[in-house]
Structure formats: structure tokens, C-alpha cells
Amino acid sequence: MKVLVVFALALATTSAALLPQQRPVHPRDLPAVTSIEGRITNGKTASEGEFPYQVGLSFASSSGSWWCGGSIIGNQWVLTAAHCTDSASAVTIYYGATIRTSAKVTHTVASSNFIQHESYNSMVLRNDISLIKTPSVTFTTNIKSVELPAIASSYSTYAGQKAIASGWGKTSDAASTVSNTLQYETFEVVSVAACQNTYGSLIATSKVICIATPNQTSTCNGDSGGPLVLATDKILIGVTSFVSSAGCQSGAPAGFTRVTSYLDWIKSNSGI
């Protein structure tokens, strides 16, 4: 696992508005927490076929392995986070699973099939998006692509709208492993300005979507790269990117890469 992303906050000439009040971190990079907390982090348990666009991603590298989520956007394409593909040598993709490793179909592909955003910056969590080219999969009730936003939606902030995040991430900060069953919850999108109050404008840019995380419900370790879809029509608007280093249950906003900011990048690299 990677070490926590550390931000240099001692630049005397930097405006305070740029600096985070809380330090953001990729969910994949959260440390183990020894305190015991009984609340559920990821919410409700999904039923079979409820999120047919969701995939599980088991990454391997010379230094270890990690779990992420992803979204099917085409028969041969999965969208995930750059911090998931970064430094990985291969990934096994689990399609149509509700129980994490009980997939309808699995494929393993090498890193040569990863298209990681060329300007991904782990220090400021910028351009946290990747594509994975896969062998062609046949769509079924349990395996389907998610709809991408229309170009006309590129300027929508989505603030105040309800959105659903899903994944097999940890169900509490104290949990030692990711969940065995697919979890989901409905959240409210907050404005970029509200997100900047926590993370500063270097992190919470216009290319980020943030959600409110009340009642200690949020994304967590293992949810990285997974989908955020509008609750009304299941259009993909976000890719799980970061939470507060204070923990998934801290109540701080959770951040996602804004899909509308990367529609051209997705199309030029995948044709979708």
C-alpha cells in the first residue's frame, strides 16, 4: 500500500483559502485504525443485479495488492481512479458480483491495458481517473454499462442533488478488511465552495464533486475508483477519489473525480 499523501502546507506565500482545513487522502491509502466504532460506513447492502455497472478490481503489484471499484462504460472498458491503477502490474476484474469474489465473469489484464490520466498528480489528487481496456463482456441482467453524462451537462454542479455511491469498502474505520457484500448509500452533493471550506481550493477544484457524509456514512478503503451516480437516472457523475485523513466516519465531505470534466478524455482514449 502507498504511504499517505502528505501536503506541504508551509508555503508562506500561499493563500489560506488554498490550504486544506483537513488533509484529504485517497481511501486506498487510509491507515489502519485500532479504535472500535460500531457504525456502518457504507450503508445498505445491495441486492443481486441492483448495480450491474459496478465491478470489483483486485490490483497486484510487486509491493502488494489492493482492492478498488470501477464502472463498466462499454463492453471493453472500465472506468476507475488513477490512484488505483498507479504502480499496479495487473488487475482482476469481477463482473456482476454482489458477494465480492463471487462474480458472474472475471478477467485478468496486465497494466499495458491501463490508460492512466497523463496528468495525474498524487500530491494534490488532481486528474484521478483511469481507463482499463478489457476483453469483451456480454451484457446481461447483472452486467451492464452505466450511462455517461451528456456534453450539455458539463457545466452542471449537481449541488443539492441526490447521488448513490457503491462499493465493497470497509464498513467502519475500525474494520480490518473490505466488505464481503456490495454496499451503497444515497448522499447529497454539496457545492465546490462548501468542499473548499474543508479541503481548500488546491484540492477541491471545479473538476471535483463532493458529497455530505452525515451520520458517519461515507466511502472508505476499498471504495476507491467506484461509481457515484445520480439517484434519479443512474448517470455516472463521479469516480471515488478521496476522504478526510481523519477517517471515513469523520463527517467531512468525500470527494470524487467529476466525470463531466473528462468526457473528452474518455472519448479520445476509448471511443465512448
Side-chain angles (χ1 to χ4, degrees), residues 5 7-9 11 13-27 70-71 73 79-86 115-131 146-165 187-213 218-219 223-245 252-270 272:
V5 178
F7 296 90
L9 303 181
L11 296 177
T13 57
T14 304
S15 167
L18 297 176
L19 304 180
Q21 301 302 307
Q22 293 192 39
R23 182 162 52 85
V25 62
H26 293 313
S71 301
I73 62 169
L79 189 68
T80 189
H83 78 267
C84 289
T85 58
D86 196 38
I115 303 176
Q116 185 170 298
H117 197 286
E118 60 279 2
S119 298
Y120 169 58
N121 185 322
S122 62
M123 293 300 293
V124 289
L125 287 61
R126 200 73 51 81
N127 302 309
D128 188 18
I129 193 167
S130 283
L131 286 160
V146 66
E147 185 178 350
L148 295 177
I151 293 291
S153 301
S154 295
Y155 296 102
S156 176
T157 66
Y158 301 110
Q161 295 192 49
K162 300 295 185 182
I164 300 170
F187 299 91
E188 183 174 324
V189 178
V190 298
S191 68
V192 173
C195 199
Q196 288 173 345
N197 289 337
T198 299
Y199 298 115
S201 58
L202 281 175
I203 304 300
T205 69
S206 61
K207 293 185 176 183
V208 166
I209 285 179
C210 288
I211 57 169
T213 63
S218 182
T219 49
D223 291 319
S224 288
L228 181 73
V229 301
L230 289 177
T232 51
D233 49 21
K234 301 300 189 295
I235 290 174
L236 183 68
I237 62 171
V239 174
T240 303
S241 180
F242 63 86
V243 294
S244 170
S245 61
F256 299 76
T257 303
R258 183 184 293 271
V259 173
T260 53
S261 297
Y262 296 92
L263 292 173
D264 287 342
W265 181 84
I266 292 169
K267 182 177 181 181
S268 63
N269 284 285
S270 70
I272 296 174

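One-based numbering along the sequence shown.
In summary, the side chains of Ser241 and Asp128 do present a donor paired with an acceptor at a separation below 3.5 Å, with no hydrogens or angles considered. A side-chain N or O of Thr85 and one of Ser130 form a donor-acceptor pair less than 3.5 Å apart.
Rounded to the nearest 0.5 angstrom, Leu228 CG and Leu236 CG are separated by 7.5 Å. Note that CG of Asn269 and OH of Tyr262 are 13.0 Å apart. Values are rounded to the nearest 0.5 Å. Here the NE2 atom belonging to His83 is positioned 8.0 Å from the OG1 atom belonging to Thr240, to the nearest 0.5 angstrom. For the atom pair CD1 (Ile211) and CD1 (Ile237), the distance works out to 9.5 Å, reported to the nearest 0.5 Å. For the atom pair Phe242 CZ and Thr257 OG1, the distance stands at 8.5 Å (nearest 0.5 Å). A distance of 5.0 Å separates CD1 of Ile73 from CG of Leu79, quoted to the nearest 0.5 Å.
Of all non-hydrogen atoms in Gly255 and Cys210, the two that sit nearest each other are CA-SG, 4.1 Å. Across all non-hydrogen atoms, the minimal contact from Ser218 to Thr213 is OG-CG2, 3.4 Å. Contact record, Ala254 with Val243: CB-CG1, 4.1 Å, taken as the closest heavy-atom pair. In terms of heavy atoms, Pro253 sits closest to Thr198 at CD-OG1, 3.5 Å. Closest approach of Val259 and Gly238 over heavy atoms only: CG2-N, 3.6 Å. In plain terms, the two heavy atoms of Arg126 and Leu202 that are nearest each other are NH2-O, 2.6 Å.
Ser71 is not listed as a side-chain neighbour of Val239, based on a closest heavy-atom distance of 4.5 Å or more. The shortest distance between side-chain heavy atoms of Val189 and Phe256 does not fall below 4.5 Å. Using a 4.5 Å cut-off on side-chain heavy atoms (C-beta onward), Val192 and Val208 make no contact. Side chains of Asn121 and Asn127 form no contact here, defined as non-hydrogen atoms less than 4.5 Å apart. For the pair Thr260 and Tyr158, the minimum side-chain heavy-atom distance is below 4.5 Å. Side-chain contact between Val124 and Ile203: present, with at least one pair of heavy atoms (C-beta onward) separated by less than 4.5 Å.
Gln196 places a side-chain N or O within 3.5 Å of a backbone atom of Ala204 that can act as its donor or acceptor partner. A donor-acceptor distance shorter than 3.5 angstrom exists from the side chain of Arg258 to the backbone of Ser206, with no hydrogens or angles considered. Remark: side-chain polar atoms of Gln161 are not paired, donor with acceptor, to backbone N or O of Leu230 under 3.5 angstrom. A donor-acceptor pair under 3.5 Å links the side-chain atoms of Ser191 to the main chain of Ala194, judged by distance alone.
A 6.0 Å sphere centred on CG of Asp264 holds no more than 12 heavy atoms belonging to other residues, nucleotides or ligands.
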